[in-house]
**Student:** 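Take this structure, written in structure tokens, and hold onto it; I'll ask about it next.
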Amino acid sequence: MTDLLQENLGLDKVQSSRKFFADVPVHQLMVRMDETMTLKGPDIQRLVDGVRRMSEWRQAAVLEITKVTRTWEIEAHLADSVLPAISAWMALEPVDKLKHQAMARDISLARVAHATAALDDARLWDLLQRLSREEVASALEWAAHAFKAETSSIVQGFQQSRSRGN
């Protein structure tokens, strides 16, 4: 993540976001979010169903974390940029934008639900407070932009290699 930030944003912004990397609960959330990259379809559905059964406050907290961490934004970007390229490569029917958005929403909710499952309401509230601090929110925004820039170039390279027949 640091390399992506530095490459896409410059060293000064990376240095100004040190508090993000030093905040233990935020760091722990990011580690747990990384663990969710291997979630399969049934796991995602189970976690999304679990979100629907949460208290109203906890549902709102999970939704807020998907927004603040840019998880929803990143999943939507992946669905919009990567999925069409993969569908074309595999000669699958294209999925419409509404299905992309629904899939991105479910994946992001599942990832945050999984990452925050061990937190009681007080610890979840503390995490929300930490995520809303400017130095943390800014670092997450920069990381999302860096990731999206990197993903776009990877998809572009993939599409170019496909058009050349590689």
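Note: hydrogens, waters and symmetry copies are ignored here, and every other heavy atom, side chains too, is used.
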**Student:** Is the closest side-chain heavy-atom distance between Leu109 and Leu47 below 4.5 Å?
**Tutor:** no

**Student:** Does CH2 belonging to Trp125 count more than 12 external heavy atoms closer than 6.0 Å?
**Tutor:** no

**Student:** Mind checking what makes side-chain contact (heavy atoms from CB on, under 4.5 Å) contact with Arg123, not counting sequence neighbours?
**Tutor:** Leu119, Asp120

**Student:** Taking the side chain as every heavy atom from C-beta outward, state whether Ile65 and Leu124 have any pair of such atoms under 4.5 Å apart.
**Tutor:** yes

**Student:** Any side-chain heavy atom of Asp43 within less than 4.5 Å of one from Lys40?
**Tutor:** yes

**Student:** Any chance you could measure Thr116, atom OG1, to Arg58, atom CZ, to the nearest 0.5 Å?
**Tutor:** 5.5 Å

**Student:** Salt bridge or not between Lys148 and Glu73? Use side-chain N to carboxylate O under 4.0 Å.
**Tutor:** yes

**Student:** Which atom pair, heavy atoms only, marks the closest approach of Thr71 to Ser108?
**Tutor:** CG2-CB, 3.6 Å

**Student:** Indicate yes or no: at least one non-hydrogen side-chain atom of Trp72 is less than 4.5 angstrom from one of Val112.
**Tutor:** no

**Student:** Any chance you could measure His114, atom NE2, to Arg32, atom CZ, to the nearest 0.5 Å?
**Tutor:** 8.5 Å

**Student:** Once you round to the nearest 0.5 Å, how far does CG of Leu140 lie from CD1 of Ile74?
**Tutor:** 8.5 Å

**Student:** Please examine the side chains of Leu39 and Thr36, heavy atoms only from C-beta on, and report whether any two atoms are closer than 4.5 Å.
**Tutor:** yes

**Student:** Do Thr69 and Leu29 touch side chain to side chain, with heavy atoms closer than 4.5 Å?
**Tutor:** yes

**Student:** Sequence neighbours excluded, which residues qualify as side-chain contact (heavy atoms from CB on, under 4.5 Å) partners of Asp34?
**Tutor:** none

**Student:** Determine yes or no for a side-chain-to-main-chain donor-acceptor pair under 3.5 angstrom, with Gln59 supplying the side chain and Arg52 the backbone.
**Tutor:** yes

**Student:** Using a strict threshold of under 4.0 Å (side-chain N to carboxylate O), is an ion pair present between Glu75 and Arg105?
**Tutor:** no

**Student:** In plain terms, say whether Arg130 and Asp126 are close enough for a salt bridge, that is, a side-chain N and a carboxylate O under 4.0 Å apart.
**Tutor:** yes

**Student:** Where the side chain of Arg111 meets the backbone of Met33, is there a donor-acceptor pair that is under 3.5 Å apart?
**Tutor:** yes

